[in-house]
Number of protein chains: 2
Amino acid sequence: MARKTGSHSEITGPKIKQSALELFARYGFAAVTMRQIAARVGVQAGAIYNYTPDKQALLFDLLHGNMADLLTRWGEEQVPSNPVAALDHFVAFHLDFHIQRPQLVFISYMELRNLTEENFKAIEEKRSRYEKIVYDMILKGVRSGDFQVPDAKITSFALLATLTGVVNWFREDGRLSSEELTRQYCALARQTLGVNALA
Amino acid sequence: MARKTGSHSEITGPKIKQSALELFARYGFAAVTMRQIAARVGVQAGAIYNYTPDKQALLFDLLHGNMADLLTRWGEEQVPSNPVAALDHFVAFHLDFHIQRPQLVFISYMELRNLTEENFKAIEEKRSRYEKIVYDMILKGVRSGDFQVPDAKITSFALLATLTGVVNWFREDGRLSSEELTRQYCALARQTLGVNALA
DNA sequence: ATATTAACTGAACCAGCGTTCAGATCAATG
DNA sequence: CATTGATCTGAACGCTGGTTCAGTTAATAT
């Protein structure tokens with residue numbers, strides 16, 4: 001037997017991506033086999049190659065799609081001009097985006113070294129674009145006097161590490177709702193950036 | 001030919017650990033082969049098994065040794081009783097420890113999922129011991145009124161993420177010396193913990 | 001000088017890897 | 001109903017993986 005009843009490109013394609021994502025997140029890219037991915041889709045390994053040229057492309061598409069999505073969505077946001085409001089807005093955006101795709105976020109900074117040099121550069125370029133957004137936002141607040149930080153660059157790294165680190169422990173059914181989480185982190189971020197409470 | 005001139009157990013043993021560490025840090029545990037490690041030591045793959053039962057043990061020994069080292073050293077520290085001074089002390093300690101072993105730190109939270117379930121638990125147990133130290137330190141400062149934070153648990157995660165994230169970008173020959181780095185991060189940590197400047 | 005042993009080689013084992021492809025099957029088209 | 005093309009199977013390919021081990025060598029002890 002070969003082709004199964006009801007098999008369809010529009011179903012198998014996304015299923016492969018999804019299965020690869022789940023397995024990469026759980027076991028790591030290098031430890032996952034094409035046969036494992038296929039089994040989860042309910043297909044033989046060879047069928048995967050109708051949808052992707054190779055395993056590497058499977059990883060790259062996931063990471064690249066994620067970064068592109070992140071930048072696109074931020075581009076669509078209406079960012080307040082007031083630095084403190086902008087900070088709140090960014091914190092909420094970043095947390096929301098990351099909490100909604102924990103696996104994607106996880107492999108996005110876990111599997112970077114399994115990318116081809118060329119593919120790595122493409123991701124890295126997008127990533128530094130995002131880092132620059134944060135840095136510029138902080139710089140603006142420092143210049144306006146709304147923020148007070150020891151070092152703008154270090155603070156930008158600290159803020160990103162803090163926010164992204166959330167995926168390591170946050171669970172939808174945990175102690176905090178995502179709304180509370182956002183509120184807490186906005187307060188924390190303001191404190192870290194030295195926002196004067198009286199402003 | 002077999003045994004090489006000048007070959008010695010006391011040399012080969014550490015060399016294997018060191019080579020494994022470097023390769024795991026660079027390419028990831030799953031992507032590194034025993035033959036690669038052996039080649040870097042200047043030995044055949046089979047010789048490695050005189051020093052370790054298997055590849056898994058090679059990884060576990062590195063991670064476990066690192067955590068044990070971390071806890072032991074913190075235990076030897078003389079921690080000030082004043083909460084703010086204790087915070088500064090912890091920041092300096094954590095940064096110093098992590099900057100001195102960037103590769104070990106890197107694999108310590110990159111390769112956790114490549115551990116056996118049993119081995120994972122052993123590491124996890126030590127890790128939460130360390131997290132508890134930070135949490136307790138923050139709680140103490142909050143109770144004494146030295147710290148003001150939105151949420152002690154979240155703040156402890158944020159502080160650890162911030163400090164540990166340093167290894168992702170810090171270079172010995174970069175813009176900042178390690179002394180300056182410590183100073184900046186102490187200031188940042190105080191701000192994050194809401195230390196009253198007038199206290 | 002001889003015997004003993006720790007340290008290592010080199011070759012092999014088998015399982016599993018990513019990938020390819022001829023052929024089978026089903027859905028859609030006319 | 002016959003044909004076509006997209007979709008998938010099943011088996012194979014060459015290779016490499018971790019691990020084992022009989023045998024070789026060099027250092028040490030006698």
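Chain A is the first sequence line, chain B the second, and so forth, proteins listed ahead of strands; every chain is numbered from 1.
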Would you kindly give the [atom1]-to-[atom2] distance between [X] and [N], to the nearest whole Å?
{"X": "B:Ile48", "N": "D:dG17", "atom1": "CD1", "atom2": "C1'", "answer": "13 Å"}
{"X": "B:Asp54", "N": "D:dT19", "atom1": "CG", "atom2": "P", "answer": "5 Å"}
{"X": "A:Gln44", "N": "C:dA22", "atom1": "CD", "atom2": "P", "answer": "18 Å"}
{"X": "A:Asn50", "N": "D:dC8", "atom1": "CG", "atom2": "P", "answer": "7 Å"}
{"X": "B:Glu10", "N": "D:dA27", "atom1": "CD", "atom2": "P", "answer": "13 Å"}
{"X": "A:Met34", "N": "D:dG10", "atom1": "CE", "atom2": "P", "answer": "18 Å"}
{"X": "A:Gln56", "N": "C:dG18", "atom1": "CD", "atom2": "P", "answer": "13 Å"}
{"X": "B:Gln36", "N": "D:dG17", "atom1": "CD", "atom2": "C1'", "answer": "11 Å"}

Open item on the list: Heavy atoms from C-beta onward define the side chain here; which of C:dC8, D:dC8, D:dT19 lies closest to that of B:Ala45?
Closed with: D:dT19
Open item on the list: With the threshold set at under 4.0 Å for non-hydrogen atoms, list the residues of residues 15-28 of chain B touching DNA chain D in residue-number order.
Closed with: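 Output list: empty, so none.
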Open item on the list: Less than 6.0 angstrom separating the ring centers of A:Trp74 and A:Tyr130, yes or no?
Closed with: no
Below 4.0 Å: OP1/OP2 of [N] and any side-chain N or O of [X]:
{"X": "A:Thr12", "N": "D:dT7", "value": "no"}
{"X": "A:Tyr49", "N": "C:dC21", "value": "no"}
{"X": "B:Tyr51", "N": "C:dA7", "value": "no"}

TODO: Using a heavy-atom cut-off of under 4.0 Å over every strand shown, decide if B:Val41 touches base, sugar-phosphate, or nothing.
DONE: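 Nothing, no nucleic acid heavy atom in range.
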- [ ] Could you tell me whether B:Lys121 and B:Glu117 have a side-chain N and a carboxylate O separated by less than 4.0 Å?
- [x] yes
Open item on the list: Donor-acceptor pair, distance only, cut-off 3.5 Å: does the side chain of B:Thr164 make one with the backbone of B:Ala161?
Closed with: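 Side chain of B:Thr164 to backbone of B:Ala161, a donor-acceptor pair under 3.5 Å: no, none is there.
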TODO: Please answer whether the main-chain N or O of A:Leu70 pairs with a side-chain N or O of A:Lys126 as donor and acceptor at a distance below 3.5 Å.
DONE: no
Task: Minimum side-chain heavy-atom gap B:Leu62-B:Leu104 below 4.5 Å - done: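 Yes, side chains in contact.
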TODO: Return the 5'-most residue of the pair A:Thr33, A:Pro53 with respect to DNA chain C, ranking by each residue's nearest nucleotide.
DONE: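 Between the two, 5'-proximity favours A:Thr33.
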Task: A:Leu193 with A:Leu139, same ILVMFWY side-chain cluster at under 4.5 Å - done: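 As far as the 4.5 Å side-chain criterion goes, A:Leu139 and A:Leu193 are not connected within one cluster.
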Open item on the list: So, taking the atom named CD in A:Glu125 and the one named NE2 in A:His64, what distance separates them when rounded to the nearest 0.5 Å?
Closed with: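 Atom-to-atom, A:Glu125:CD and A:His64:NE2 are 8.0 Å apart.
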Open item on the list: So, taking the atom named CD1 in A:Ile133 and the one named CD in A:Glu77, what distance separates them when rounded to the nearest 0.5 Å?
Closed with: 11.0 Å
Open item on the list: Tell me the closest heavy-atom pair linking B:Gln56 and B:Leu115, and the distance in Å.
Closed with: OE1-CA, 3.4 Å
Short heteroatom pairs, N/O only, protein and nucleotides 11-15 of chain D, under 3.5 Å:
none

